[in-house]
Amino acid sequence: MATTSIDKFKRYTVTSALPYANGPIHIGHLAGVYVPADIYCRYLRLKGKDVIFIGGSDEHGVPITIKARKEGVSPQDIVDRYHGIIKKSFEEFGISFDIYSRTTNKTHFDTASDFFKKLYDKGAFIEKATAQYYDDEVKQFLADRYITGTCPHCGNDGAYGDQCEKCGTSLNATDLINPKSTLSGSKPIMKETKHWFLPLDKYESWLRKWILEEHKEWKTNVYGQCKSWIDQGLQPRAVSRDLDWGVPVPVEGAEGKVLYVWFDAPIGYISATKELTKDWELYWKDSETKLVHFIGKDNIVFHCIVFPSMLKAEGSFILPENVPANEFLNLEGDKISTSRNWAVWLHEYLIDFPGKQDVLRYTLTANAPETKDNDFTWADFQARNNNELVAIFGNFVNRAMVLTHKFFEGKVPKLTEITDYEKQIQEDIVKIKNNIEYSIENYRFREALKEAMDLARLGNKYLADTEPWKLIKTDEARVKTILHMSLQIAALCTTIMEPFIPFTTEKLRNMLGIEKFAWDKIGTEMPLVAGHQLNQAELLFEKIEDDAITAQVEKLMKSKAENLVVASVVVPQKPDINFDDFTKMDIRLGTILSAEKVAKTKKLMKLTVDTGIDKRTVVSGIAEYYTPEEVIGKRVSIIANLAPREIKGIVSHGMILMAENADGTLCFVSPEKEFINGGIVK
RNA sequence: GGCGUGGUAGCUCAGCUGGUUAGAGCGCAUGAUUCAUAAUCAUGAGGUCGACAGUUCAAUCCUGUCUCACGCUACCA
């Protein structure tokens, strides 16, 4: 639901999701969060609004400690490295943060700590003791990621306590067979630990009213997701973790505990503001301030449910007015993936395409995943540059400049007589300006950009229709008017295009020899005066040739090839076992007699198997690879003496042996001849 | 499996509370033009609006079922 409410607010606090400091920035981050946020902020500044644009690195959490351990460096080394890369690439790319901070600095520690303390003192938390794995050798509780073991699903030996990366399933640490601490290698023990929880359930009715009734204008994906969460019923969420990397929990008896990273990270917006200005409270506590969070769709629940609940619990803060979350950007038909190196990295782009920040900004905006996941392709990147930036915008400006230099020595000619055409153009300019305002204020940046380009289109059409290169022979006065208007249009582009392609508009201003022209003057004043001397014409954009694009595509294909190699690497052999260990297993041949999908699951199938010994029920996670029909009658191998276990209310007696392919698909291990059911596999 | 979002021309997308010859940009075709980075301008060809049923005088838009994509979530011996 669109509104134009921009003038209700005196100032704006705009945040963009804090990137996690365990890797560099890629085009998915840019298209989803930083480019739209930057457009919004640049626009507001052009309107003369009081706006602060907040960013920073999220530097806590378990993955960073894991990465540090793997590389044999400290977590601080890791975050220093990536914070540096990220900050530098944002700067070069023209993301106009007023501050780009980080969550490891002192201001943030104090702010997050105080925030927790305040909620603690108010009794906003509940305390709960839970049992968790503990490494007795290093005297430390273990985060899920610090426990490895055998995946109960695929038998992979290197599964983590939260997820098996081999088969992709998410796990609980307690599910792992033979859990092992990665810190000492010892077997962890269960031990009680106390944690603090934010009882989100208590905020449910408030959230329902605040979001579902008062913010129906939020984007449908955001609104729908929130509704889904609230309707499902909210649970208390832990706000602390047993870890030595993060902001310590500031209460007695909390040694070895830190704030959970999702609690700590959004407070980073506030800490960064504190660092930026001593008037920070104006930007966070004044009801005339509009708070807007730019995020990706994976972050909706934190920014719409959890963080607002925290702010509400604290009591003195304003709440976000909007949370424009984008969907995801794919790359050449595949999901962007850091681990598979399937991405276009910003710091590499800046090296490969020097001075072409705006081409990427333009492409990502024109193709932004605002309503659904979108695909970035290098072919599209090239086409948008060559057919739109070069051919429409760059070409128009060049035409106006070249003609003026040719006929009037580069001086802005005088406006003589105005015809209906010029009047029409002035009206169109106002229309374009209004359309862009409406689109940007409603977070429709794709649409806004298209409207901005309409100004250059208008200019091209004007020149084609009036043909000053012909007219110069017969009616110089008219040509003066035409070129005057054309140059004014080009000059107005410096403002209209500024939010989207700021490097280009800067260049254009230099060419025209003018200062920044305020947004609100558009339609009432013109940026150029007659007689003004223009500088030499330069090309605003250059064509991107096929070989540059081919090189990028090849780079990606190389990643893909490398991934295939990695994927087909055979899992290394497990540690030796005794013959005794082996003989303990009773593996038999059997036949599947019946099969049905277990209701409400995706992977589970309930099988009746003739084992020769008996006919028994086995639950197996094969439903993604087989249908019940095709499975009936199949010969299989089954571990018969595996202790029974209840899964989804069905007791499973044994486990069907499955072989796994490189791509994770499964197949049965079947006898090669028609041997009897109950035949021993040895 | 549950929930959410999306499935409209070759591509990227608009289509407000049901009635439009279903639109735009890019691409494509034809014509015009040469001031301009063969860039521009005009015209045109492209769509059973994911599938099937239903409600209605009338459905891209409402309801139901199904299907595909993505996300959240459960499950995973």
Side-chain angles (χ1 to χ4, degrees), chain A residues 1-2 151-155 164 167-172 175 177 219-229 231-232 296-298 300-301 325 327-328 330 335 363 366-375 377 379-380 383-384 386-392 394-407 444 446-447 449-451 453-454 457 459-465 467-472 479 483 486 537 539-543 597-605 618-624 638-639 642-648 651-658:
Chain A
M1 245 147 270
C151 172
H153 175 61
C154 68
C164 171
C167 60
T169 52
S170 51
L171 305 166
N172 293 318
D175 295 338
I177 306 164
K219 287 174 68 169
T220 48
N221 57 342
V222 176
Y223 187 89
Q225 180 79 68
C226 290
K227 185 169 184 332
S228 164
W229 273 83
D231 286 348
Q232 273 171 39
K297 68 172 160 181
D298 51 338
I300 291 174
V301 65
E327 301 283 306
F328 287 158
N330 293 326
K335 279 194 220 185
T363 306
N367 193 21
E370 286 180 9
T371 50
K372 63 169 186 191
D373 291 0
N374 260 346
D375 199 24
T377 64
D380 180 64
R384 292 210 184 264
N386 294 355
N387 305 331
E388 297 177 33
L389 289 176
V390 172
I392 297 170
N395 183 42
F396 163 65
V397 169
N398 195 41
R399 296 171 85 182
M401 290 291 288
V402 167
L403 285 168
T404 306
H405 277 287
K406 206 175 224 173
F407 301 151
R444 280 140 60 163
R446 215 168 36 195
E447 191 177 275
L449 177 59
K450 210 171 97 186
E451 280 149 0
M453 285 299 280
D454 282 345
R457 287 197 179 90
N460 273 322
K461 184 167 163 47
Y462 180 53
L463 287 177
D465 287 347
E467 299 183 307
W469 52 90
K470 278 188 185 168
L471 218 52
I472 190 70
V479 172
L483 286 183
S486 300
L539 298 181
L540 286 182
F541 303 96
E542 56 187 22
K543 286 209 151 199
K597 266 199 83 174
V598 178
K600 300 187 175 190
T601 68
K602 198 192 291 182
K603 297 183 179 175
L604 295 186
M605 211 182 284
V618 179
V619 177
S620 187
I622 58 173
E624 281 184 305
I638 173 171
I639 303 182
L642 195 66
R645 167 147 167 185
E646 188 176 311
I647 304 152
K648 274 279 163 185
V651 181
S652 178
H653 301 270
M655 182 165 94
I656 310 284
L657 294 188
M658 304 299 296

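Reminder, nothing fancy here: chain letters follow the sequence lines and each chain counts from 1.
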Peer 1: Return the 5'-most residue of the pair A:Pro369, A:Ser652 with respect to RNA chain B, ranking by each residue's nearest nucleotide.
Peer 2: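 Nearest nucleotide further toward 5': that of A:Pro369.
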Peer 1: About how many Å separate CD of A:Glu388 and CZ of A:Arg457, when rounded to the nearest 0.5 Å?
Peer 2: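 Interatomic distance, A:Arg457 CZ to A:Glu388 CD, rounded to 0.5 Å: 6.5 Å.
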Peer 1: So, OP1 or OP2 of B:A36: does either fall under 4.0 Å of a side-chain N or O from A:Asn460?
Peer 2: no
Peer 1: Toward the 5' end of RNA chain B, which comes first, A:Val618 or A:Gly394, by nearest nucleotide?
Peer 2: A:Gly394
Peer 1: When the C1' atoms of B:A24 and B:U5 are considered, how many whole Å apart are they?
Peer 2: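 Roughly 24 Å separates the two C1' atoms.
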Peer 1: Determine the Euclidean distance between corresponding C1' atoms of B:C57 and B:C16; express it in Å to zero decimal places.
Peer 2: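 Between the two C1' atoms, the distance is 24 Å.
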Peer 1: Using OP1 and OP2 only, check whether a side-chain N or O of A:Arg446 sits under 4.0 Å from B:A14.
Peer 2: yes
Peer 1: Any idea which of B:G27, B:C35, B:G25 is nearest the A:Glu388 side chain?
Peer 2: B:G25
Peer 1: Hey, what are the protein-to-nucleotides 68-71 of chain B N/O distances that come in under 3.5 Å?
Peer 2:
residue	atom	partner	partner atom	Å
B:C70	O2'	A:Lys297	NZ	2.5
B:C70	O2'	A:Asp373	OD2	2.6
B:G71	OP1	A:Lys335	NZ	2.6
B:G71	OP2	A:Lys335	NZ	3.3

Peer 1: Take atom CD1 of A:Ile300 and atom P of B:C72, then tell me their distance rounded to the nearest Å.
Peer 2: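 Taking atom P of B:C72 as the reference, CD1 of A:Ile300 is at 10 Å.
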Peer 1: So, does A:Asn221 use its side chain to make a donor-acceptor pair with the main chain of A:Ala325 at under 3.5 Å?
Peer 2: yes
Peer 1: In whole Å, what separates the C1' atom of B:C75 from that of B:A51?
Peer 2: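 Rounded to whole Å, the distance is 30 Å.
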Peer 1: Please round to the nearest 0.5 Å and tell me the distance separating atom CG of A:Leu389 and atom CE of A:Met453.
Peer 2: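 A:Leu389 CG to A:Met453 CE: 5.5 Å, rounded to 0.5 Å.
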Peer 1: Rounding to the closest angstrom, what is the interatomic distance between B:G44 and B:C26 at atom P?
Peer 2: 15 Å
Peer 1: With a 4.0 Å cut-off on heavy atoms, is A:Phe541 in touch with a base, just the backbone sugar-phosphate, or nothing at all?
Peer 2: base
Peer 1: Identify whether any heavy atom of A:Lys461 sits under 4.0 Å from a base atom; if not, whether one sits that close to sugar-phosphate; answer base, sugar-phosphate or nothing.
Peer 2: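 Answer is sugar-phosphate: A:Lys461 comes under 4.0 Å of backbone atoms only.
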Peer 1: For RNA chain B, which ranges pair as stems of 3 or more consecutive Watson-Crick or G-U pairs, with both donor-acceptor distances under 3.5 Å?
Peer 2: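 Expected stems, ordered by start: B:1-7 with B:67-73, B:10-13 with B:23-26, B:28-32 with B:40-44, B:50-54 with B:62-66.
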Peer 1: Report yes if a side-chain nitrogen or oxygen of A:Thr220 is closer than 4.0 Å to either non-bridging phosphate oxygen (OP1 or OP2) of B:G6; otherwise report no.
Peer 2: yes
Peer 1: Just how far, in rounded Å, is P of B:A39 from CG of A:Leu540?
Peer 2: 17 Å
Peer 1: Please check if the side chain of A:Thr220 supplies one atom and the backbone of A:Val222 the other of a donor-acceptor pair under 3.5 Å.
Peer 2: no
Peer 1: When the P atoms of B:C52 and B:U67 are compared, how many Å lie between them, rounded to an integer?
Peer 2: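 Straight-line distance between the two P atoms is 15 Å.
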Peer 1: CG/A:Leu657 to CD1/A:Ile639 distance, rounded to the nearest 0.5 angstrom?
Peer 2: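 The distance works out to 5.0 Å.
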Peer 1: Base, sugar-phosphate alone, or nothing: which one does A:Ala391 contact when heavy atoms must sit under 4.0 Å apart?
Peer 2: sugar-phosphate
Peer 1: Reckon A:Ile392 touches a base, only the sugar-phosphate, or nothing at all at heavy-atom distances under 4.0 Å?
Peer 2: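 The answer is sugar-phosphate, as A:Ile392 gets under 4.0 Å only of primed atoms, P, OP1 or OP2.
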Peer 1: Report the nucleotide, chosen from B:G15, B:U40, B:A77, that has the shortest atom-to-atom distance to any side-chain atom of A:Ala464.
Peer 2: B:U40
Peer 1: Mind calculating the distance between CD (A:Glu447) and P (B:U12) to the nearest angstrom?
Peer 2: 18 Å
Peer 1: Counting any heavy atom closer than 4.0 Å, what does A:Val619 reach on the DNA or RNA strands: base, sugar-phosphate only, or nothing?
Peer 2: sugar-phosphate
Peer 1: How far, in whole Å, is B:G6 from B:A77 if one measures between their P atoms?
Peer 2: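 It comes out at 35 Å once rounded to the nearest Å.
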Peer 1: Could you work out the separation of B:G19 and B:G15 based on their C1' atoms and round it to a whole Å?
Peer 2: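 It works out to 15 Å between them.
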Peer 1: Which part of the nucleic acid does A:Lys227 contact within heavy-atom distance under 4.0 Å: base, sugar-phosphate only, or nothing?
Peer 2: nothing
Peer 1: If only atom types and distance count, is the side chain of A:Glu370 paired as donor or acceptor with the main-chain N or O of A:Arg446 below 3.5 Å?
Peer 2: yes
Peer 1: Looking only at atom types and distance, does a side-chain atom of A:Thr404 sit under 3.5 Å from a main-chain N or O of A:Ala400, one as donor and one as acceptor?
Peer 2: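 Here the side-chain-to-backbone pair exists.
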Peer 1: Counting side-chain heavy atoms from C-beta on, which of B:G15, B:U33, B:G27 comes nearest to A:Asn387?
Peer 2: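 For A:Asn387, the side-chain atoms sit closest to B:G27.
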Peer 1: Checking all strands, does A:Leu471 fall into the base, sugar-phosphate, or nothing category for heavy-atom contacts under 4.0 angstrom?
Peer 2: nothing
Peer 1: Where is the tightest heavy-atom contact between A:Leu463 and A:Trp469, given as atom of each residue plus distance?
Peer 2: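 Taking A:Leu463 first and A:Trp469 second, the nearest heavy atoms are O-CH2, 3.4 Å.
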Peer 1: B:A14 phosphate, OP1 or OP2: any side-chain N/O from A:Thr371 under 4.0 angstrom?
Peer 2: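 Answer yes for this pair, as a side-chain N or O of A:Thr371 is under 4.0 Å from OP1 or OP2.
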Peer 1: What's the NZ-P distance between A:Lys219 and B:A14, to the nearest Å?
Peer 2: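 Rounding to the nearest Å, NZ of A:Lys219 and P of B:A14 are 10 Å apart.
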Peer 1: Taking NZ, NE, NH1 and NH2 as the nitrogens, is one of them in A:Arg384 or A:Asp380 under 4.0 Å from a carboxylate oxygen of the other?
Peer 2: yes
Peer 1: Using atom P of each nucleotide, how far apart are B:A32 and B:U37 to the nearest Å?
Peer 2: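 Those two atoms are separated by 23 Å.
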Peer 1: Please report the interatomic distance CG(A:Asp465) to CG(A:Asn460), rounded to the nearest 0.5 Å.
Peer 2: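 Those atoms lie 10.5 Å apart.
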Peer 1: Answer yes or no: is there a donor N or O on one side and an acceptor on the other, between the side chain of A:Asn386 and the main chain of A:Lys543, under 3.5 Å?
Peer 2: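 No: the side chain of A:Asn386 does not pair with the backbone of A:Lys543.
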